[in-house]
Structures are given as C-alpha cells and as structure tokens.
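A, B, ... follow the sequence lines: proteins, then strands. Residue 1 opens every chain.
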Number of protein chains: 2
Amino acid sequence: MLFSKSFGYALRGILYVALAQSEGRRVQVDEISEKLGVPRHFLGKILNRMVKEGLLQSVKGPYGGFALAAATLQTPLLKLIELTDGLGTFNNCVLRLHACNAVNPCPLHHQVMDIKNNLQHMMMGTLVSDLMIGDREAFIRSIATEELDGLLQKITNHDEHDA
Amino acid sequence: MLFSKSFGYALRGILYVALAQSEGRRVQVDEISEKLGVPRHFLGKILNRMVKEGLLQSVKGPYGGFALAAATLQTPLLKLIELTDGLGTFNNCVLRLHACNAVNPCPLHHQVMDIKNNLQHMMMGTLVSDLMIGDREAFIRSIATEELDGLLQKITNHDEHDA
DNA sequence: GCATTAAAAGACATTGACGTCTTTTTTAAA
DNA sequence: TTTAAAAAAGACGTCAATGTCTTTTAATGC
Ligand code: FES
Ligand code: FES
C-alpha cells in the first residue's frame, strides 16, 4: 500500500468539497461521509487537520460546513501526503535502515531510487485541480467507496425500471 | 512506506543466510538477529515462514540453523513481497476503492499506473542473488540496523586506536 | 537413554492506524 | 435571548503490525 487510508480520505474529502464548491454550496461532514462511504467522525478529524493547515475553510453553526481555501486547488498532492502520512516514503530507506542516501545505500537502493523519485515528482507536480475531471456523476462515483458505488448503480437502475 | 518491516526483515535475513552459506556454514537466528539488529523471535517467525514456503532450509538441534534452499537465490523479490505484505500494493487501487483497473479508474489511476507497474516489474525481475554485491564487511553493514552499524564502526575505530 | 542445542509453536504484550461516541464550542436564525 | 445546527475536541474502542516470552519438538553427540 503506497499511501495510508487517511490520505485517501483526505483527498476524496477535498475533491468532494471542491465539487460542491463548483456548484456554489458548502457541504457538511455528514453529506461527504455519506456520499463517499467514509467514516463520519474519522473524516471529520482529517478535514479538521486540513483546515488547520489552510487547505480548507470551515464555518460552524447553521448553514455552516466546509469550503475550499484560496490555495486548495493549487495544492500539490505531496503536501497532502506530508500532512497525512509524512514524507518517510520518500526520505527513508525502503528497508527502514536509515535516511535513504546514495553514499551508504542498502542493497535495494539502486533498484528503487528512480521509482521513488518518479513517485515524488509526480506527487509534487500533480495538483488537486488536476484530478477534477469528467462530469459530476462520474466524478462522484470515481471517489466513492466501491460498495456504495455499486449500490448507487443498483438504485439508479431500479429507478429507471420504475419510471 | 512502500514495504512492511516484515519484508525488510525477511530480505535481510535471507541475505545474511546467503552470505554465511558462501562461507560454508549454517547460521542460527541468534546470530542473524544480533548481527543485523533485528528482534530475535519476530525474525524467527518470519524465517519460519520462509522455510514453509521453500525459500530457506532449517535444521533443528546442535549444529543446526538456517541454510539456503535450492531456489533461494533465484527467487524474485516479488515472491518475498507476496509472502510478507501480499500483492495489494500492485493489485489494489492506491485510494483503496477497489481492485485497480483502467475501466473504472480512480482520479489518481493514470498518474500512478506507470509507477506501480515499474515497481512491480522491478520486483519481478530482481532476484535475491542480484542483491549480493560488494565485499563481506560492506555487505553486512549495508543490511545492518543503522545504530548497530554506527556501533560497529565505533568499536572498529576504537580497536584500531588500541592497536 | 540422556543432556544439550536450536528451531517451531503459541501465548501474551505493545503500538499505531483506524474508527466510534460524547461533549464542547461557535455560529446563525427566529 | 433562545434554539438549533454544525464543526472541534477529546475520550474511548478495535484491529492489525510488530515485538517478547515460554513451552514444545526435533536433532545431535555422548
Ligand atoms: S538506502 Fe535503502 S532505499 Fe535508499
Ligand atoms: S484505480 Fe485507483 S490506482 Fe488504479
């Protein structure tokens, strides 16, 4: 597993907020967790962290919820990784022996170096906005939990049948 | 973290056994764990697993210990990953949404696909024997825990001073 | 057989990732 | 000012990865 579940939740949450923003509205954790199939309170804490780090805005009280911050869409995914998983994947030796370095390389260093660098550069170069593609429905489905996704499809088919 | 600690222990353990083998001797878990700075019993269980899977041989009793099996040196690292971490890293979506596939891709799929494939192919193509390079001392140091490594250096320097 | 050695097995402990529930704080509307 | 809504905070729970300890099994030499 390249990234933690928390990273996945953070990214999907932010993308959902961005989608709602594009429709001109704020969203609550309840809606996000329900639509994406992600644990309510756990997601809350993660979004929380994002607010503290300036990647999201939040408003308490009625008509409150989460909204994008100024920098959100231009944020590289590496920043998200840093906030959720830390940078150990990129900075440490894959065998966890020490800080990764070519001077005192582990037996796997030369084999993984390029791959690790590619991953890091990709994550540096990819912005949140780069991931917002496709139409609304397809996009939501692409960030929803599989079972939920299947469920939504079934419901949709059922509705079509009824209609 | 690309791989688990268990994978690291497995690989380093096997490499140490291979090194001892090249000197014509068997090794006990005690020696391996001590020389590499790895937890004794935890390593034992992992080597155990390797024996069951045919990647190592073991002999109980006096003069016993671990030795290479016929296939050990020709084993691809992917096999080791499979035994320790499983293949989820390669087969599953990085966002853990479902099995990774291009038909129903997550927002990150296109960005990570090549990297995941590169990693998998490298692990398939790299054999245990490919990692056995350099002279004995340097090799041992390259698979030993950092602190232990530093400690050994200090002792060595101290000895030289004494001599 | 008996003592010794070392792996194998298994019970138990620790830690961090992940998840749930409750209480507190802040905000807006009536 | 009261009420309700929603985030924030924090206590608590669960589970898998990691690690320790003890007991059992098997092999060897005498
Ligand atoms: S030193 Fe191990 S990956 Fe670079
Ligand atoms: S579908 Fe997510 S990585 Fe391929």
Is any side-chain heavy atom of A:Lys35 less than 4.5 Å from a side-chain heavy atom of A:Val27? no

Nearest whole angstrom, please: distance from the P of D:dA4 to the CG of A:Asp30. 18 Å

Atom-pair distance (CZ on B:Arg40; P on C:dA8), nearest Å: 10 Å

Between atom CE in A:Met1 and atom C1' in D:dA16, what is the gap in whole Å? 13 Å

Looking only at atom types and distance, does a side-chain atom of B:Arg40 sit under 3.5 Å from a main-chain N or O of B:Val29, one as donor and one as acceptor? no

Return the residues of residues 43-72 of chain A meeting this criterion: a heavy atom under 4.0 Å from some atom of DNA chain C. Order them by number, or give none. A:Lys45, A:Lys60, A:Gly61, A:Pro62, A:Tyr63

So do B:Lys116 and B:Val94 actually touch side chain to side chain, heavy atoms under 4.5 Å? yes

Can you check whether B:Ser4's main-chain N or O pairs, donor with acceptor, with B:Asp85's side chain at less than 3.5 Å? yes

Applying ring pair (Phe, Tyr, Trp, His ring centres under 6.0 Å), name anything that partners A:Phe139, two or more places apart in sequence or on another chain. none

Is there a side-chain contact between B:Thr72 and B:Gln57 in this structure, where contact means two heavy atoms from C-beta onward sitting under 4.5 Å apart? no

Expected output: side-chain B:Ser142 to main-chain A:Cys106 donor-acceptor under 3.5 Å: no

For B:Gln28, is there any backbone N or O sitting under 3.5 Å from a side-chain donor or acceptor partner on B:Asp30? no

May I ask you to test the B:Leu55-B:Arg49 pair for a side-chain heavy-atom distance under 4.5 Å? no

Roughly how many Å is it from CZ in A:Arg26 to P in D:dA7, rounded to a whole number? 10 Å

Rounded to whole Å, the CD-P distance (A:Glu34 to D:dA6) equals 13 Å

Tell me the interatomic distance from B:His41, atom NE2, to C:dA8, atom P, rounded to whole angstroms. 14 Å

Want to settle it: does B:Val27 or A:Phe42 sit nearer the 5' end of DNA chain C, counting the closest nucleotide to each? B:Val27

Contacts to DNA chain C from residues 3-11 of chain A, heavy-atom cutoff under 4.0 Å, which residues? A:Ser4, A:Lys5, A:Ser6, A:Tyr9

d(CZ, A:Arg96; P, C:dT15) in whole Å: 17 Å

